[in-house]
Amino acid sequence: METHFKICASCLQEDENVSSSEWCWNCMEGLCTECAKYHRKQKPSRQHKIVVLNNIPNFDVLLSYIHTSCPMHNNQSLLSFCSTHRDLCCELCVKTSHGDCKQVITLTEAAATTTNDDVAEKFKSLEKLLEIKTETIRKSLVSQGEEVVQKVQQMRTEIDKYFDKLEEEVKKNLIVQHESYLKLVHQENSSVDECFHEIKIMKELVCVLSDDIPSEISFQLRNEMIKILQNHNNKFSSSTKQAYQFLFKPVDVMSLLETNVKSLGEVCITKISDACHVSGNQIPCQKINEIIYDRKSSEKFKETSVTGDQNSQNDRKKSTEMKAERIPEKASPTHKLNYLS
């Protein structure tokens, strides 16, 4: 409610800006120490409920919860309460927007059925709900984080499998090339084997040379052997190095990865919904006064509400007797804020 509780309302009428130290619940005005003293002495305000502001923490928040006039109908006084919608109502509200509601009672009646224990019970229930939600969110974050790590690990596993496959293909290709290499080496070795075989024959021929063979013939044989050996020597001396070798031409995978793969993925936050998921149940995030509303309070208000046919005189009499049994005699419906005392 729009109330300047920090300024004394009485002094302000005299164009004096004096800080208030106390508050009158009946007048809904701040009072300085001097005005509060006179307020208690004057007969019209002698029974008013006055409190010291320093004794009430967060007084501005407390006032924001209190409404004495209807914002929908030219600030008419709020004298009724709809327990179905938990709305304060003026006379026009009762006839219009709450015309079909069966649980509309006076504020005095509502005050007689609600205690601080009821609110404390709702505090406890809501705090427990918030604790559950907080724990649920914490567990959900841990679970989601683990899921992200698992997905990254799965990607790594799939990448490793893919590179294992590429490695096996290289090994298979190596086996094929090895066979081809052996064929080429065999061709080279065949000429070497032929040379060894020819050397063996010439050694045997040298051994059989004797004086029985004319010297001119022996010379020709030796000279021919020397020429053949010299040719072989020239041939193999020029090819003593290995004729073939394996050559692996790797793909620059790291450059390709660094160029084309900058990240394995991005972790971001997305909004799921405006609902709080607790233990598998979806609980709407509503205002505090909507959350603490439950069936028990509704049933209490049902007992004090006017029931039956309003056109029947007997039913009206019965409902009046029921209310009289439940409403303390000291509760006066003439003042709109007695329920705060």
Side-chain angles (χ1 to χ4, degrees), residues 1-83 85-94 98 104-120 122 288-289 292 297 300-301 304-306 320 323-324 326-341:
M1 60 182 298
E2 296 293 335
T3 304
H4 302 286
F5 70 95
K6 295 183 179 180
I7 304 299
C8 176
S10 298
C11 292
L12 193 61
Q13 292 179 0
E14 302 296 330
D15 294 330
E16 296 180 8
N17 194 349
V18 181
S19 298
S20 59
S21 58
E22 301 183 47
W23 176 265
C24 176
W25 282 118
N26 299 78
C27 298
M28 295 301 288
E29 292 180 347
L31 299 171
C32 65
T33 303
E34 193 68 21
C35 290
K37 184 187 301 183
Y38 287 109
H39 205 71
R40 291 187 177 93
K41 291 180 179 179
Q42 293 177 359
K43 188 174 181 179
S45 57
R46 190 175 298 166
Q47 301 300 323
H48 284 193
K49 302 294 183 179
I50 302 175
V51 294
V52 178
L53 291 176
N54 288 339
N55 293 338
I56 304 178
N58 302 315
F59 191 74
D60 54 340
V61 177
L62 186 151
L63 287 182
S64 69
Y65 291 158
I66 300 172
H67 305 277
T68 59
S69 58
C70 180
M72 301 296 295
H73 300 107
N74 297 323
N75 294 323
Q76 290 198 30
S77 298
L78 297 170
L79 302 177
S80 301
F81 177 75
C82 175
S83 59
H85 300 98
R86 300 200 67 84
D87 287 340
L88 298 179
C89 309
C90 68
E91 292 183 2
L92 290 178
C93 289
V94 174
H98 295 273
V104 178
I105 57 179
T106 66
L107 290 184
T108 303
E109 292 172 328
T113 59
T114 304
T115 65
N116 287 342
D117 291 338
D118 297 325
V119 180
K122 301 309 172 186
I288 293 178
N289 64 332
I292 65 173
S297 297
K300 287 183 179 180
F301 290 130
T304 60
S305 63
V306 178
T320 302
K323 289 191 292 182
R326 289 169 174 80
I327 301 175
E329 293 181 358
K330 65 176 182 179
S332 173
T334 60
H335 202 284
K336 60 187 176 183
L337 290 173
N338 280 350
Y339 70 100
L340 292 171
S341 58

Counting only heavy atoms not in Asn55, do more than 12 sit closer than 6.0 Å to its CG atom? yes
Considering residues, nucleotides and ligands other than Asn116, do more than 12 of their heavy atoms fall under 6.0 Å from its CG? no
Got a donor-acceptor contact below 3.5 angstrom from the Ser20 side chain to the Lys6 backbone? yes
For Thr113 and Ala110, indicate whether the former's side chain and the latter's backbone hold a donor-acceptor pair under 3.5 Å. yes
Got a second to check how far [X]'s [atom1] is from [Y]'s [atom2], nearest 0.5 Å?
| X | Y | atom1 | atom2 | answer |
| --- | --- | --- | --- | --- |
| Cys82 | His98 | SG | NE2 | 5.0 Å |
| Leu79 | Leu107 | CG | CG | 6.5 Å |
| Ser69 | Leu88 | OG | CG | 10.5 Å |
| Arg46 | Lys41 | CZ | NZ | 11.0 Å |
| Leu12 | Cys32 | CG | SG | 11.0 Å |
| Glu22 | Asn54 | CD | CG | 9.5 Å |

Do [X] and [Y] touch side chain to side chain, with heavy atoms closer than 4.5 Å?
| X | Y | result |
| --- | --- | --- |
| Ile56 | Trp23 | no |
| Cys93 | Ser80 | no |
| Ser45 | Asn26 | no |
| Val18 | Glu34 | no |
| Glu29 | His39 | no |

Considering residues at least two apart in sequence or located in another chain, which fulfil the side chain to side chain contact (heavy atoms under 4.5 Å, CB included) criterion with Leu92? His73, Gln76, Cys90
Pairs involving residues 8-17, ordered by first then second residue, that meet side chain to side chain donor-acceptor pair (under 3.5 Å) (sequence neighbours left out): none
Of the non-hydrogen atoms in Cys89 and Val94, which two are nearest, and what is the gap between them? CB-CG2, 3.8 Å
Report the relative orientation of the aromatic rings in Phe59 and Trp25; use parallel for angles under 30°, tilted for 30 to 60°, perpendicular for over 60°. tilted
With sequence neighbours excluded, residues passing side chain to side chain donor-acceptor pair (under 3.5 Å) with Ser19: none
Test side-chain contact (heavy atoms from CB on, under 4.5 Å), reference Tyr65, set Val61, Leu62, Leu63, output is Val61
